[in-house]
Each structure stands twice: as C-alpha cells, then as structure tokens.
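Here is the structure we will look at, set down as structure tokens.
Each chain gets a letter, A, B and so on, in the order the sequences are listed, and its residues count up from 1.
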Amino acid sequence: MYILVSRTVDGNVAVSTLTDTGAARSPSRSLSTAEFLGFVRDHEALMPRWVWDDTARWYPQLLAAGIRVQRGHDLRLCHVILRNSELTATSQLARAAPGVWDSASVPDSPAAVSNDTLFDLAFGAETSASGGIIAQDRGVGGTQPGDVDAYAELISQLDAVASCAEPGRLRLLLAAESAGALIAAEMQFAGLPWRSDIHANLLTAELGPRVAHGVRPVRLEELARQIRAALDDASLNPDSQQDLLRALRRADVAVASTRAWELKKVTHPVVEPLLEYKKLSRLLGANGWHWMDTWIVGGRFHPEYVPGGVVTGRWATRGGGALQLPKQVRGAVVADDGWKLVVADAAQLEPRILAALSADTAMAAAGRGKDLYEGIVTSKVVETRAQAKVAMLGAMYGATTGESGRLLPRLARAYPRALALTETAARSGERGDIVTTRLGRSSPRPDENWRATQAQAYDPAASATDERRARSQARDWGRFTRNFIVQGSAAEWALCWMAEIRKALWDLERPDEKRVIDDTMTGPAPAFDHSPHLVFFLHDEVIVHTPAEFAGEVTRIITEAATTAGRLLFGDFPVDFLLTVATVDSYAEAQ
DNA sequence: ACGATTCGCGCG
DNA sequence: AAAGCGCGCGAATCGT
C-alpha cells in the first residue's frame, strides 16, 4: 500500500491511499498539520510506503514529533534515477520534456519553517538563532509539485519500472534510495555524539589557548615567525600561496607549488615549520573553535546528508564537512554514558564489488574469508599487499603510468574478467556512451562541449592540438565511466547494507515505549532515546550508537546485513563482503 | 565591493 | 605530472 502525501494550495496536507500497483486510489483527504501527524501515527501500523516529493521536506517534522516511518518513496530521488537509467530509456517518464521533477532541488515552501520548529523542539528555543543550519538553502522560487502532480508522477514511475526489462533491479534501487533518504533525515536529526570538551582540549593542546575567530593562535604565530626567519622575509604571510611560493623561490627551494607532498621532497630549514603550520592551520580552519560553535549543538554534530548528491549515487553532505571528518578529531566522537559506538567498515569494498560485477570467480576467491589484497599476494599475482592495493586502485581508476601501471598486466592475467569489465566501461565513456550500475543507475552523458571537441577532431582541418585535446578529453571521460560503474554499484551495496541494518534495529525496539518530547531535553533526540540507531555513514562505513547491553546484538545485525546486501545485489555469486567491526567508546579507537 | 574560480587538503 | 576516481570547504585570488 502506498500513501501519497502532498501539500495543498491552502497549506494543508493532502493524503490518499493507493494499492501496490497504483491502480485504485482513495479520495484525497485534506488535513491540518496537526491532523497529519496523527494520521501518520495511526497509519504507520499498516506499514504503508509513504510517498512524498522530498523526504527532507516531510520527514523532519515527523521526527520532531517523535514519529518514525518504516518505508518511503522519495519521488524526486526516484525520478532522477528513472529519468537517466538505461533500463527505462524508452519510458514515458524518460521521454517527456523536463519538468518540475527535473529541477535541481524541489523548491522551498512555507513548510520549510518546520526546520526551525524541529530545531526548537529538539534542542530548546535558545538555539533557534542557529536553527537554520538544518536543511536550509534548499532552493527558492519555482512551483512546488502539487497533489495532482505527485499522483501523476508516482503512476509514471511505477509504469516506467513495470515496463522495463529487469524491473527487479530498479525496484530494489528505488527502495534503497528512498530508505537512504529516511536514514539521512534520521541521522541528521539524531546527530553524532560529540564531546566539545574533548575537542576543545585537543585544539588547545595543538594550537594554544582559544582565540577569537580570525586571530592566529600562539602556536601558529610562533611557526609563522620561524617560517619568516627561515626564508628571510619578515613580512611573509604563510597563508598566501603566492607570497609563499615567491619566498621559496627566492630561497632557492625547488618546488613548483606549495603542496605538502612537494615540500616533503626537498631539504631546507623552512620545510619542517611550514609543514607543521599547514597541518595546524588546516585543523583550525576546518575543525577549529569556529566549526565547533557552528556545528555542535547539544552535544551532537548534525550534518545535513544529501542522498544522491553525487552522480554515482554516493551521498554528499552540506555544511560541516561531515564526509571529511579528520582522523585527528575523531577522539571527540564519544558514546554517551552507558552507551557504545559500534563502528563497522566494509573491507576492500570496491574490489569485491568489481569481482562480483564481472563474475570474476578468481578475484572473488582471493577475498574469500580474508583480506582481498592479501589473497592477491597469496595467489602470487604480486609480491606485497601494498602492490596489490595500488594495482587494484589503478585498475578501477584508470592508471596508466607509475607502479600501478606497471603492475596492471599481472592483474589482468590473473583476473581477466574483472579487468575486462573496467576496460569496457572505459571504452564506453571514451565513445561518449553511458554505463550502468548493478541496480540500474546510469552515468550522465558528456555535455555539448565534449561532443563538439570530439567532432572537431574528426574534421579534416583539425590540427594536431585539436586531436590531442580530444583524445585527452575522451580518456578523462573514460576514467570517469570506468570508475562510475564500480563506485556506483558500491554505493548501492552500501545503501542496501544500511537499509537492512535500519530494518533489523527497528525490530529490536520495544513497541510499548512511549516517547515524549521534552523541551528541556539535552540528551539524545526523542525518537532515538532508548534504542540503537545509526549516527554516521561514510561511503563504506557506519556507526551505530547503542545502549551498551545491545552492542553484541548490533554487531550481529550489522554483519548479517552485509551478507544480505551482497545477496540482494549479486544473488548466489560466491563473493564475501567482509567487515571490520569494533565496539568502542570513542571513534578514535576504531581505527 | 562582491561573486566566481583556484589552490590545497581532508575523507572514501 | 601525485601517475588515477568521487566529493566539500576555507582562504586567497581573480574578474567584473
């Protein structure tokens, strides 16, 4: 059963019920926001799939009211997939002219104030000034898809899937993508446990006492002094790459840029303080006191996750740099008293995905029950684990030179099917064709400029430069499609993994628990205050925050979910998806 | 003065 | 030329 949810012109919420095929639809009911909350609460027991234009617009207000839903269908995210998928290329949906569902983001509406409401409810009114950090800037202007649009869109999507050659793949992808959207909203709401006191101590130990935003801390000031002395330039600003490069050249330091890796290659008294300056300057700028003040609220880090934010299907984040959380500061991620963090990451995920995609049983065997790179060494393909890793990455990213390039022929001999798949994907991209992931997400087509450059190279009057540029550009796009098919399929595995984890954690919850919103609350968010829940996701890694007594059960759930995800994508193909799982108090312990 | 672009570096 | 993919972010710098 589907329940279609949309906004009416007068600001109410329209709901109607559909059968699984979309064939029969109940009359639409118009509800106030308060009535809508009650409606969802009452109907969730029927386990419907809630259909709405954009999970990020609807779900936060439900979470704020202590309501979670088990299943969703995000029309916007699913539309993007179906619009571009090779599998649905002949559908009405894909052939129609671009419309509201193709705009970059579903436009904002009066409902967006719920973001501030959410913040007030969850964290207390005194924080409302910073409330906008959740889900703001989702776009302005334009028309919001209404009741009729949403219904027509759902029917169009169901039709596109039903009429394609392998509907099972896309059905799974759309369900996983939609589950991801629910998880993203829940993780943003719950937040990652963050100890500001530990973080602040770390900053002071590294940088010196706290200073105002824009002021250089004492440790950085001291290093700047040493750099100026070493380069004999009393007015040098080490934050200016241009100044720095000029000063380095004056001092006869042979570097083409100020990048750290390049500085490490040369010997000069300035190198040590300069590298230290860069490291600490990065810490201050990216995760310093200002970051802490902006992003840590009520002992939680609440990044905005953006499902489908990357063309390959990976998630992106907006604000806070959640997907770049440096190892340096992970010690501040600490479980609440009586709670644990269960940290799990998929070992060598992309090579395993490649082995399964290409049905390369030899490569899959190399990873059976053990580290896949070690398995490649055991099979005598290369000598060391480091070589196996660099060779595999080279195969998936399209390396042609260096150690990686030199090792590729050995990899190709041992794993011809896997390497043939990446090569075929690269050739498709070079021709301007698209490639498609395991579940049916297709790569974008290159833009007009790209095609024009290629066409130009075929002109009899084309210069050698034209041809070189066209060839180079074609290879660039080939490396993109080569990687797309692996990275995108790995993202699908990760979505399925997470969706299975969420489902199993849900079943752990005790149904009789009543959750109450208390505006003086400072601990975990209301919908998650007693039970294990996902708090972080990083491409191939998840963190579950759990009462200590459930940690063993959570570990089992995460491990079984990995096996289930592998089966969902690859059926009986014998490939293992191994995890490293750790139950810890602090994220820093899990590395 | 201010938005767009580039550099450099963090993560997978 | 960090040899090879995908991102976000802050500061400096460029362009208007």
**Asked** Any chance the rings of Phe537(A) and Trp497(A) have centres within less than 6.0 Å?
**Response**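 Here the rings of Trp497(A) and Phe537(A) have centres that are no less than 6.0 Å from each other.
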Atom pairs and distances, donor-acceptor, side-chain atoms in residues 439-446 of chain A, under 3.5 Å, two or more places apart:
residue	atom	partner	partner atom	Å
Arg441(A)	NH2	Glu177(A)	OE1	2.9
Ser442(A)	OG	Glu86(A)	N	2.8
Ser442(A)	OG	Thr436(A)	OG1	2.8
Ser443(A)	OG	Val435(A)	N	3.0

**Message:** Base, sugar-phosphate or nothing for Gly309(A)? Non-hydrogen atoms, less than 4.0 Å.
**Reply:**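 If one applies the 4.0 Å heavy-atom cut-off, Gly309(A) turns out to touch nothing in the nucleic acid.
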**Request:** Name the nucleic acid region contacted by Leu393(A), choosing base, sugar-phosphate or nothing; use a 4.0 angstrom heavy-atom cut-off, strictly under.
**Result:**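 No contact at all - Leu393(A) keeps every heavy atom at 4.0 Å or more from the nucleic acid.
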**Message:** I'd like to know if Asp239(A) and Arg216(A) make a salt bridge, using a cut-off of under 4.0 Å between side-chain N and carboxylate O.
**Reply:**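 Yes, Asp239(A) and Arg216(A) are salt-bridged.
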**Asked** If you measure from the Lys or Arg side-chain nitrogens to the Asp or Glu carboxylate oxygens, is any gap between Glu430(A) and Arg471(A) under 4.0 Å?
**Response**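 No, no charged N to carboxylate O under 4.0 Å.
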**Message:** I'd like the P distance from dG4(C) over to dG12(B), given in whole Å.
**Reply:**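 Their P atoms lie roughly 22 Å apart.
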**Nearest-angstrom distance, P atom, dC7(B) to dA1(C)** =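 dC7(B) and dA1(C) have their P atoms separated by 9 Å.
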**Request:** Take Leu192(A) and Trp295(A) through the side chain to side chain contact (heavy atoms under 4.5 Å, CB included) test and state the conclusion after the steps.
**Result:** CA-CA 11 Å; Leu192(A) 181 65; Trp295(A) 295 104; over 6 Å; no
Round to the nearest Å and state the distance from [X] atom [atom1] to [N] atom [atom2].
X         : N       : atom1 : atom2 : answer
Asp345(A) : dC11(B) : CG    : P     : 14 Å
Gln324(A) : dG8(B)  : CD    : P     : 18 Å
Leu323(A) : dG10(B) : CG    : C1'   : 11 Å

**Item:** First of Gly319(A) and Val390(A) reached from the 5' end of DNA chain C, by closest nucleotide
**Value:**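 Nearest-nucleotide comparison on DNA chain C picks Val390(A).
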**Request:** Could you pick out which residue, Val311(A) or Gly402(A), lies toward the 5' side of DNA chain C when each is mapped onto its nearest nucleotide?
**Result:**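 Comparing both residues, the 5'-ward one is Gly402(A).
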Taking only the side-chain nitrogens and oxygens of [X], find out if one of them lies under 4.0 Å from OP1 or OP2 of [N].
X         : N       : result
Lys278(A) : dC9(B)  : yes
Lys327(A) : dG12(B) : yes
Ser257(A) : dC7(B)  : no

**Request:** Take atom CG of Asp232(A) as the centre, draw a 6.0 Å sphere, and report whether it contains more than 12 heavy atoms from other residues, nucleotides or ligands.
**Result:**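 Counting other residues, nucleotides and ligands, CG of Asp232(A) stays at 12 neighbours or fewer.
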**Asked** For DNA chain C, which consecutive runs of 3 or more Watson-Crick or G-U pairs (each distance under 3.5 Å) count as stems?
**Response**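 Counting only runs of 3 or more consecutive pairs, the stems involving DNA chain C are B:1-12 with C:5-16.
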**Message:** Quick check against the 3.5 Å criterion: does Arg83(A) have a side-chain atom that pairs as donor or acceptor with the backbone of Asp102(A)?
**Reply:**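 Here the side-chain-to-backbone pair does not exist.
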**Request:** Walking along DNA chain C from 5' to 3', note the first and the last nucleotide with an atom under 4.0 Å from a heavy atom of chain A, and give both.
**Result:**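 Listed 5' to 3', the contact boundaries are dA2(C) to dC14(C).
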**Prompt:** Are the side chains of Pro217(A) and Trp289(A) in touch, meaning some heavy atoms are under 4.5 Å apart?
**Reply:**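 Answer yes - side chains close enough.
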**Request:** Test side chain to side chain donor-acceptor pair (under 3.5 Å) on Glu262(A) and Ser257(A) and set out the steps.
**Result:** CA-CA 7 Å; Glu262(A) 210 165 345; Ser257(A) 72; 2.8 Å; yes
